[in-house]
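Okay, structure first, notes after.
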Amino acid sequence: MNGDWMNTRSLHFLYVLLLGLGLPVAASAGGFEYGPQGLHAVGRGGAFTVAADDPTAVFWNPSRLALMDGTHVIVNLSMSLMQASFKRADAYIQTVTKDPETGAIIYGPIKDPQPDKFPHEFETERNTDQLFPLGASFFITSDFGLKDWGFGIGLHGPTAVGKVTWSSAFDSSNKYFFSGMDTTVLYLDLAAAWKYKEWFGLGVTFQYVMVPYLKYRMTIMGPAAYINQNTPISNSMDIQADVDVSDWGSFSMLAGFWVRPLQMFKGMKKFEIGFNARVVPYKVSANGNIGISGVKDKSLFSDYQTTIPGRLSFTYPAHVQIGARYAWDHNGREIFDIEADYVWENWAALETFEMKMMKEFKGPGVDMSAMDVSIPRNFVDSHSVRLGGQWNAIDQWLTARLGFWYESAAQPEAWTNLDLPSWERFGIGFGLSTEIRGFEIGFSYAHVFHMPRNVTNGGITQQVIDTVASEDGTKSVTRPGYVVNNGEFTNSIDVFTFGIGYHHKPKAKRDFPKDPVPESETADEAVEEGPEPSPEDPADPSV
């Protein structure tokens, strides 16, 4: 009988799975994660490592799956609104010389007096694609009738803005810096968890990482005599590089646990400690094409377009989350909980974006060999603290959530960039949800405040193409030019998350009568126990 019951639950899980895979889920991201993801986690300000009470535990802490009974499914839809601006510092012409021994190009002091139209004052530029409505995630979990086990699958992406567009004008503030990107990153998750009674649990999530497309646009300066490349604004040899690549084969893994160390003390049964970590960082090595064209009406390449094979590589780092949570129960009902988390992310592993042009390029009056373009990032590890919780105001009908977080900068000030804004920030989140007949519907909102920056010691420079002598003749290389990220940066992000979930609770197990007791055994018991006293029995004091 128990086997039939388990098979019914398994079929129900598969039915929900098929429904879920039919949804047009687009889990997209194109930058570093700006905060938490999922209906519950966003409302709690990301303080969710220990709580992880919905199917997003596949991502937040897979060990919590062992605490979920029945079958759960959740779909989260997120919209992000990013408002960013950049005003580059005034540009001056410097003296440029070439070292006769090494051939290195040396940028010296500012020329005095300045040539005509210098110093050049830039206009403030803003991202034009502010609304990104395509963030989504989908998770299903089930215990398959096993008392101490939990399993889950999911499809999601990092919480980040997937499409950003900046000005392509020949004299814009972001010239030679960053022009735009459009990227999708997907994680296909498979998780399993086990617990020992109510004391502790372990879990692991295996992730298959896909980058269906990664598009990135920037302007580089084409080859010419170094004295003709001495400009911080624009050049007749300017080249627009459009990277369009994809990667379908990376792997990663998450591992987590939870423990209730004070089970023996009344009132402390729901004090918990949790841990989750990306123990296997993954490297994206995306192959595709690099489009080469000129800045319209301002470049010798303005009417020229070609495509060459290329590759873009970078490393997505490991991270560690640890937290403590306390929940207060009343008559078996959890009234509220509060959780504090600490998160460390190994962004120092991301030193550069490596772009490889794998074929020679022939343009109007110029030839370039296949070459490597190294885009320095020089990130540092980031640290985050989070505090949040929820209040079950009206059992099942109304749950309220609130949370806060602070995160240190992954980008040092000198390497502040527009494509992946990750400098010092803090955020606040809140949310509401209700449950009706097993369906949960809710909304969460978060605002991310980036601390404004005024960069004066920038390290990001023009990518200038040069030629050097080699054993096979001459080859093309890139060298740094003028600094292009000095100036004023601002950024803020609003996140709107809608979630709908369903919980199929297992039916209560039926109680079956015990096997009939043999007559001989019944008779023996009757003899041992003796007959019921009767009113006529002299032993009865009432007679």
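Atoms considered below: every heavy atom in the structure, side chains included; atoms not considered: hydrogens, waters and symmetry mates.
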Ion pair D419/R377, N-O distance below 4.0 Å:
yes

Between E407 and R425, does at least one N-O distance fall below 4.0 Å, as a salt bridge requires?
yes

Separation of [Y] [atom2] from [X] [atom1] (nearest 0.5 Å):
X: N61; Y: F275; atom1: CG; atom2: CZ; answer: 9.0 Å
X: Y482; Y: Y107; atom1: OH; atom2: OH; answer: 6.5 Å
X: F206; Y: L188; atom1: CZ; atom2: CG; answer: 13.0 Å
X: R217; Y: D242; atom1: CZ; atom2: CG; answer: 4.0 Å
X: I292; Y: I308; atom1: CD1; atom2: CD1; answer: 5.0 Å
X: M218; Y: Q463; atom1: CE; atom2: CD; answer: 5.0 Å

I want to check something: taking the side chain as every heavy atom from C-beta on, are [X] and [Y] in contact at a cut-off of under 4.5 Å?
X: S384; Y: H319; answer: no
X: Q390; Y: R44; answer: yes
X: S444; Y: L39; answer: yes
X: N417; Y: F379; answer: no
X: W166; Y: F177; answer: no
X: H383; Y: Y406; answer: no
X: M82; Y: V448; answer: no

Taking the six-membered ring for Trp, are F59 and F139 closer than 6.0 Å centroid to centroid?
no

List in chain and number order the residues that pass side-chain hydrogen bond (donor to acceptor under 3.5 Å, both in side chains) with Q229, two or more places apart in sequence or in another chain; answer none if no residue qualifies.
R479

What pairs with T49 under side-chain hydrogen bond (donor to acceptor under 3.5 Å, both in side chains), at least two apart in sequence or on another chain?
Q321, D341

Quick one, F404 with R386, criterion side chain to side chain contact (heavy atoms under 4.5 Å, CB included). Give me CA distance, side-chain angles, the key distance, then yes/no.
CA-CA 6 Å; F404 311 87; R386 305 169 181 177; over 6 Å; no

Just jot down the side chain to side chain contact (heavy atoms under 4.5 Å, CB included) partners of [X], sequence neighbours excluded, or say none.
X: S172; answer: E125, S167, A169, N174, K175
X: N289; answer: T307
X: I110; answer: Y92, Q94, Q114
X: Y282; answer: V185, Y187, V209, S250, S252, R278, V284, Y316

Give me the ring orientation class for [X] and [Y]: parallel if the planes are under 30° apart, tilted from 30 to 60°, perpendicular past 60°.
X: Y445; Y: F430; result: tilted
X: H120; Y: F118; result: tilted
X: W60; Y: F48; result: perpendicular

Is a donor on one side and an acceptor on the other found under 3.5 Å between the side chain of [X] and the backbone of [Y]?
X: T128; Y: T165; answer: yes
X: D182; Y: K215; answer: no
X: W344; Y: D381; answer: no

Walk me through whether E488 and N454 qualify under side-chain hydrogen bond (donor to acceptor under 3.5 Å, both in side chains).
CA-CA 4 Å; E488 299 174 358; N454 185 11; 4.6 Å; no

For a quick check under 3.5 Å, do D171 and S234 share a side-chain donor-acceptor pair by atom type?
no

Can you confirm whether the side chains of S78 and T497 place a donor and an acceptor under 3.5 Å from each other?
yes

Residue pair S168, S179: steps toward the side-chain hydrogen bond (donor to acceptor under 3.5 Å, both in side chains) verdict
CA-CA 6 Å; S168 295; S179 298; 4.6 Å; no

Any idea which heavy atoms bring W423 and N491 closest together, and the distance?
CZ2-CB, 3.7 Å

